[in-house]
Protein chains: 2
Amino acid sequence: MSTLKDVAEIAGVSVSTVSYVLSGKKTVRPETLKRIQDAIKQVDYCPNLLASGLKTNLSKTIGVVMWDMQNNYSIEVLRVMEDTICKYGYCMIVCDSDQSPEKEKKNLRRLLARNIDGLILMGSGNNVLSSYRNAQIPIVCIDRAADEAFLTVQSDSVAGGQMGTEYLLSKGRRKILFLGYDLDFDFARKRLLGYKKAMELAGLSDEIHYEILPERSVKCAMDRVEKLLQDKFDYDAVFGCVDYFAIGAMNALIKHGYQVPEQVSILGFDGSDMGKLSIKELTAVAQPKQALGKAVVEYLMRLIRKEKIQEKCVLMEPYIIERETC
Amino acid sequence: MSTLKDVAEIAGVSVSTVSYVLSGKKTVRPETLKRIQDAIKQVDYCPNLLASGLKTNLSKTIGVVMWDMQNNYSIEVLRVMEDTICKYGYCMIVCDSDQSPEKEKKNLRRLLARNIDGLILMGSGNNVLSSYRNAQIPIVCIDRAADEAFLTVQSDSVAGGQMGTEYLLSKGRRKILFLGYDLDFDFARKRLLGYKKAMELAGLSDEIHYEILPERSVKCAMDRVEKLLQDKFDYDAVFGCVDYFAIGAMNALIKHGYQVPEQVSILGFDGSDMGKLSIKELTAVAQPKQALGKAVVEYLMRLIRKEKIQEKCVLMEPYIIERETC
DNA sequence: TTGAAAGCGCTAACAA
DNA sequence: TTGTTAGCGCTTTCAA
């Protein structure tokens, strides 16, 4: 690989002059400029970001720590993030914590050693953030329990839960089963809360029915609904706390001969592309993944530029994707 | 962040001595060692890989260029890769080419500027590799058309196509519809070839039926099968070139009242986790994603260590995941 | 407008 | 066994 020095020699100038051209921080004589540009092309110069990073303490790369790379929705947001990061001239180093707090902790060091300029924490791990709190770099969280130490971008889970429930009510549904997820997760608690709130507002406090499922999988939801089906199943809608649950419920119901959505409406939450795989395309409360992914990167870039940001938590509105199950 | 120098001062030794301890390349007196270890702990020293990378020309990070991050199967392999890369003490920078040759080209420069030690090219883009050919770094491809310039790790698509077809034949199926994908893709051509081969070997040359679908999506396959259903559908099995197609076919058939697998068997290809979402869990020819992800990283590490590798193309055996659709 | 030179944090050859 | 030092490729201050 050729270096600044190579370019400088060919152009017959000093390295600093070349550096000025590259950074655009000083003006050079047009004639010199031309010679330098030619030389850059000639040797196909590619700057060494390790070297400039060492000097400026800016690596032009940001770290992404994912709590769970198996989550389809997270990956969809990751794509948006990579696209945005790229537009800023940055790259992203991706680490998977694989739902393990130990790995999560190790990942910080891995990234710090590489001088990342900023860090995105993604996914709903809870109180595993202690070591991150005294990392001396900008950090933004997405889809993670709000922690006062960090700026957090997330969709409004309460509003989403409420919105989804109201959507079902507007379709004439009254007996809605909510399939919730482990309430240790902030988003799960809030989505359930939104469901309850909407039911109460509609004067249906007596019709609040929910089950908490221990594992984020289709199978888990399917098994649970099949068990309900064996006893008695007296609902006209199922609202899954995550798309996985809605899909599982739909599979169970269709298998047992129910008509979806005629007899039972199914509503998911997340709006992941998974919803397009199922036998009936899943209607869902969607997180605005484009907006979220873009926003989290933009906020991080502002922090990197040392802008002061007032917000501690940025909430974005979910919306309904109408497909075939409601 | 504290530096080697800080540690050295606290321990009362020179930076080189600390460096020796860290790298383990020289032995130091136990007493000195202790002092240094204490100092490292005291300041919570974290090495600066930019600096060492600049010196040694080794960044301890590898680049991954994904042709298409939307592909669920690719992401599953990516997870395995990240895990393996981590075990080697490396990190990965992930770039998404988003199916665009221009982006693919830009991604190389992005990575080269960061001094990656090696590169993994993932996904089935075809002749967009010209610029990569004279990159002076180790490159390994996975799931990509074999290019004599690079070491390639992939599963044996012909064998997989054949294996899947023979599996269906062993279940008594004779009229098998193969849903193929764009034959510009190496893997798609080979999977179809495997299907044809098995049919011929079984003396069923007259029963070779296939359709080529233009787009890797569930919807595309579903629409096509529904159209066939309107004319006449005279098959007792559908073999999808990718899981997406099999799922789409299954959805169409079940919607039209067919019993799966009693009337029609459905077989996918890839063995992605998507197969666990569908109303009947998908039986599929699986690519050994654990083995593939691990192998591609291990080969790359060997290249980074300057080992000579004879293989130009490493083929791994697919296998059948028996679930509910055959 | 351009150049000389110091220094970012580390490694490793060489010296002691 | 330990220390001194040059230098990796770049940025940037200061001087010309």
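Chain naming here is simple, since letters A, B, ... match the order of the sequence lines and numbering starts at 1 in each.
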Student: So B/Ser16, base contact, sugar-phosphate only, or nothing? Heavy-atom distance under 4.0 Å.
Tutor: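 B/Ser16: base contact, heavy atoms under 4.0 Å.
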
Student: Any side-chain heavy atom of A/Gln287 within less than 4.5 Å of one from A/Tyr73?
Tutor: yes

Student: What is the distance from CG of A/Leu58 to P of C/dG9, rounded to the nearest Å?
Tutor: 14 Å

Student: Just N and O in the side chain of B/Ser14: are any of them under 4.0 Å from OP1 or OP2 of D/dG3?
Tutor: yes

Student: Starting at the 5' end of DNA chain D, which residue's closest nucleotide do you reach first, A/Met1 or B/Val28?
Tutor: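 Whichever sits nearer the 5' end wins; that is B/Val28.
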
Student: Of the options D/dT1, C/dA12, D/dT11, whose atoms approach the side-chain atoms of A/Ser19 most closely?
Tutor: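 It is D/dT11.
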
Student: Between B/Thr3 and B/Asp6, does a side chain to side chain contact (heavy atoms under 4.5 Å, CB included) hold up when you go through it step by step?
Tutor: CA-CA 5 Å; B/Thr3 69; B/Asp6 300 329; 3.6 Å; yes

Student: Measure the distance from NZ on A/Lys25 to C1' on D/dT11 and round it to the nearest whole Å.
Tutor: 8 Å

Student: Among side-chain atoms of A/Asp273 and A/Asn72, is any donor-acceptor pair under 3.5 angstrom?
Tutor: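 No pair is found: no donor N or O on one side chain lies under 3.5 Å from an acceptor on the other.
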
Student: A/Thr3 near the nucleic acid: base, sugar-phosphate alone, or nothing, with a heavy-atom cut-off under 4.0 Å?
Tutor: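 If one applies the 4.0 Å heavy-atom cut-off, A/Thr3 turns out to touch the sugar-phosphate alone, with no base involved.
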
Student: What contact category does B/Lys26 fall into here, base, sugar-phosphate, or nothing, at under 4.0 angstrom with non-hydrogen atoms?
Tutor: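 Base, at least one base atom sits under 4.0 Å.
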
Student: Quick one, A/Phe150 and A/Arg133 - any side-chain contact, counting heavy atoms below 4.5 Å?
Tutor: yes

Student: What I want to find out is whether A/Asp83 reaches A/Arg79 closely enough, with some N-O distance under 4.0 Å, to be called a salt bridge.
Tutor: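 The answer is no: the pair does not qualify as a salt bridge.
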
Student: Less than 4.0 angstrom between a side-chain N/O of B/Thr56 and OP1 or OP2 of D/dC8, yes or no?
Tutor: no

Student: So what does B/Thr27 touch, heavy atoms closer than 4.0 Å: a base, only the sugar-phosphate, or nothing?
Tutor: sugar-phosphate

Student: Quick one: A/Leu49 CG to D/dC10 C1', roughly how many Å, whole number?
Tutor: 10 Å

Student: Select from B/Val13 and B/Leu54 the residue whose nearest nucleotide in DNA chain D is closer to the 5' end of that strand.
Tutor: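 Counting from the 5' end, the first nearest nucleotide belongs to B/Val13.
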
Student: Taking the minimum atom-to-atom distance to the side chain of A/Arg29, which one of C/dT2, D/dT11, D/dC10 wins?
Tutor: C/dT2

Student: Taking the minimum atom-to-atom distance to the side chain of A/Ala51, which one of D/dC10, C/dT11, C/dG9 wins?
Tutor: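 Within the option list, the nearest is D/dC10.
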
Student: Which sits closer to the 5' end of DNA chain C, A/Lys55 or B/Tyr20, going by the nucleotide each is nearest to?
Tutor: A/Lys55

Student: Return the value, rounded to whole Å, for the distance between atom CG of B/Asp6 and atom P of C/dC10.
Tutor: 9 Å

Student: If you compare every side-chain N and O of A/Thr17 against the phosphate oxygens of C/dT1 (OP1, OP2), does one of them come in below 4.0 Å?
Tutor: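 A/Thr17 to C/dT1 OP1/OP2: no side-chain N or O under 4.0 Å.
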
Student: Assign B/Ser23 to base, sugar-phosphate, or nothing according to its heavy-atom contacts below 4.0 angstrom with the strands shown.
Tutor: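 No contact at all - B/Ser23 keeps every heavy atom at 4.0 Å or more from the nucleic acid.
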
Student: Return the value, rounded to whole Å, for the distance between atom CG of B/Leu50 and atom C1' of C/dG7.
Tutor: 15 Å

Student: Is any side-chain heavy atom of B/Ile85 closer than 4.5 Å to a side-chain heavy atom of B/Leu300?
Tutor: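 Side chain of B/Ile85 against side chain of B/Leu300, heavy atoms only: no contact under 4.5 Å found.
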
Student: Rounded to the nearest Å, what distance is computed from the CG atom of residue B/Asn57 to the P atom of nucleotide D/dG9?
Tutor: 7 Å

Student: Using a cut-off of strictly less than 4.0 Å, decide whether B/Lys5 has a side-chain nitrogen or oxygen near OP1 or OP2 of C/dC10.
Tutor: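 It does not, given that no N or O in the side chain of B/Lys5 lies less than 4.0 Å from OP1 or OP2 of C/dC10.
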
